[in-house]
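A short worksheet on the structure shown next.
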2 protein chains.
Amino acid sequence: MKVKIPEATIMRMSVYSRFLADLDRKDIIMISSFDIAERVGVSPVQVRKDFSLFGEFGKRGVGYNVKELHWQILKILSLDASWSVALVGLGNLGSALSSYKGFHERGLIITSIFDNNPGKIGTFINNVEILPMDKLVEVVKYNQTQIGIISVPSEYAQEIANLLVEGGVQAILNFAPVVLNLPREIKLRNVDVTVNLEILTFNSVKIFGEIKRPHNEPLFFA
Amino acid sequence: MKVKIPEATIMRMSVYSRFLADLDRKDIIMISSFDIAERVGVSPVQVRKDFSLFGEFGKRGVGYNVKELHWQILKILSLDASWSVALVGLGNLGSALSSYKGFHERGLIITSIFDNNPGKIGTFINNVEILPMDKLVEVVKYNQTQIGIISVPSEYAQEIANLLVEGGVQAILNFAPVVLNLPREIKLRNVDVTVNLEILTFNSVKIFGEIKRPHNEPLFFA
DNA sequence: TAGATTGTTAATCGATTAACAATC
DNA sequence: TAGATTGTTAATCGATTAACAATC
């Protein structure tokens, strides 16, 4: 009775759940797999199949209760309790992440922020003090931090990853475009913006065959 | 003789190519699929299989010439010529993207930047003037922009996407956590940070069964 | 020639889709 | 009961891995 859950399913569950939160805010009571599918850009069967891997949440002939389904998915994603997150690196990207409201809404609580810029250390973001890197292990441990986010330059990413692991995190979300070496039990996800752009370049050319239009000098320019 | 290329392959090609650029900078001449595999975190067969979808780039018994292979992959990804990219939304995330050097290195040229903040309009980033949104269609057209990057708040993302399409882009990279509705011929990729974090929460719990440790008050706190 | 490593074909594994039975 | 919609089983499709032949 042990089903393997495809990662693609988990990704979609996260998307469904955000859509359901939205419906709930709008006081919509029931929804069908067809409506979910349409708004989320997948097929209705896909939606039902995904749900079915975790249980039976709907009523045949009727659909799904929005509140109930939403709650079930949050439970599945373990977002029914909060998570302690450490953010390392407060450049532009780190700042964007630190101020992103979506995390807190979904129980992902940034409990510590680290940077090595003396001008930033000691200041606060959302009541969290920015600390120097040499406090990382200690603080991450104390906070029982489960997830570390790495948004430092590539050359420091591995070093930071090691510190996070030493501090006891279970999972790392890495924004640096490097391949990190981690103990197998640590969960890792990489978000790589360049890779995503390059997939687009590949796909775009496919459409137009081999033709590629060169671009002009920008219209508005220095 | 028309092979379908898995998207996963394209992603890996992008990663291989960055690794090869690195090797080339270090004046390494030859490399084997084993060494590539190890450093990139996949299996050697995977590497060879990926390459084989596009041609034969290696010498049996010897390996691959770094320069040659690198160049071939850049050609495959259409990164042997430059791309005109428009960046819309200059919040923290947009700023991070605008200052990311990896793009330019790989022929992804940000030719225009748009924001609606009057304090930012008229200033320059890397010689590109920040323009108001109402110039978007015109400028994107003029620059023959192929790719648009959306880093505006979710509620404006669809509207901006429409303008980009009107301006003639072929592909959109969307950072707003919403499902965009686009003409089928427009290539779309979504980068969704929350989804990635939530996959980590799911995976972490799986490891520890149902046990989840609550977190303390932060050690360093306001 | 022997050793190494590529490239390919076939087998396996995994995810999506189609068909349909169950049931509200 | 008829219509709607879920949930599941089987079929298909796609991607990875294993085995091995080719060849430097």
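Everything numeric here is computed off the predicted structure, so don't read it as measured data. To find a chain, count down the sequence lines: A is the first, B the second, and so on, and within it residues start at 1.
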Practice task
Round to the nearest Å and state the distance from A:E7 atom CD to C:dG14 atom C1'.
Solution key: 13 Å
Practice task
For A:M30 and D:dT5, give me the distance from atom CE to atom C1', rounded to whole Å.
Solution key: 10 Å
Exercise for the section: Check the side chains of A:N190 and A:N174 for a donor-acceptor pair under 3.5 angstrom, ignoring hydrogens and angles. Expected result: yes
Handout entry: Flag side-chain contact, heavy atom, 4.5 Å: B:R18 against B:R106
Key = yes
Practice task
On DNA chain C, check which nucleotide each of B:G61 and A:K49 is closest to and give me the residue with the more 5' one.
Solution key: B:G61
Problem - Sugar-phosphate only, base, or nothing, as touched by A:F51 at under 4.0 Å among non-hydrogen atoms - result: nothing
Practice task
Look up atom CG in A:L23 and atom CG in A:L69, then write down how far apart they are to the nearest 0.5 Å.
Solution key: 9.5 Å
Completion exercise
Under the rule of Watson-Crick or G-U wobble with both distances under 3.5 Å, where | means paired to another strand and [ ] a crossing pair, DNA chain D maps to ..||||||||||||||||||||||
Problem - Short side-chain N/O contact from A:Y64 to OP1 or OP2 of D:dA4, under 4.0 Å - result: no
Completion exercise
Among D:dA10, D:dC24, D:dT16, the one nearest any side-chain atom of B:K59 is D:dC24
Handout entry: Phosphate OP1/OP2 of D:dA22: any B:R48 side-chain N/O under 4.0 Å
Key = no
Handout entry: Centroid separation B:F103 to B:Y100 less than 6.0 Å
Key = yes
Fill in the blank from the handout: Whole-Å distance, A:R12 CZ to C:dT17 C1', equals 12 Å
Problem - Presence of salt bridge, A:D24 and A:K67, under 4.0 angstrom - result: yes
Exercise for the section: Would you indicate which nucleotide in D:dT6, D:dT8, D:dT17 comes nearest to any side-chain atom of A:E56? Expected result: D:dT8
Exercise for the section: Please report, rounded to the nearest Å, how far the P atom of C:dT5 is from the CG atom of B:L69. Expected result: 16 Å
Problem - Passing option when B:R189 is tested against A:N196, A:L197, A:V195, A:N203 for side-chain contact (heavy atoms from CB on, under 4.5 Å) - result: A:N196
Fill in the blank from the handout: Here the distance between atom P of C:dG14 and atom CD1 of A:I10, to the nearest Å, is 16 Å
Exercise for the section: Ignoring the backbone of A:V45, work out which of D:dT17, C:dT6, D:dT8 is nearest its side chain. Expected result: D:dT8
Completion exercise
Ranking D:dT8, D:dT17, D:dA15 by distance to the side chain of A:S52, first place goes to D:dT8
Completion exercise
Of the candidates C:dG7, C:dA10, C:dT6, the side chain of B:F34 sits closest to C:dT6
Exercise for the section: Between B:T9 and A:V62, just flag the one whose closest nucleotide in DNA chain D comes earlier from the 5' side. Expected result: A:V62
Handout entry: Flag for B:N162-B:E166: side-chain donor and acceptor within less than 3.5 Å
Key = no
Practice task
Could you tell me whether the phosphate oxygens of C:dT6, OP1 or OP2, come under 4.0 Å of any side-chain nitrogen or oxygen in B:S33?
Solution key: yes
Handout entry: Between B:S84 and B:N143, a side-chain donor and acceptor under 3.5 Å
Key = no
Problem - Residue A:Q46, side-chain heavy atoms: nucleotide from C:dT16, D:dT16, D:dG7 that is nearest - result: C:dT16
Exercise for the section: Let me know the distance between CZ of A:F57 and P of D:dG7, rounded to the nearest Å. Expected result: 9 Å
Completion exercise
Between CD1 of A:I5 and P of C:dT16 the distance, given in whole Å, is 12 Å
Practice task
Kindly say if A:R60 contacts the phosphate of D:dT8, meaning a side-chain N or O under 4.0 Å from OP1 or OP2.
Solution key: no
Handout entry: A:F54 CZ - D:dT6 P separation (whole Å)
Key = 18 Å
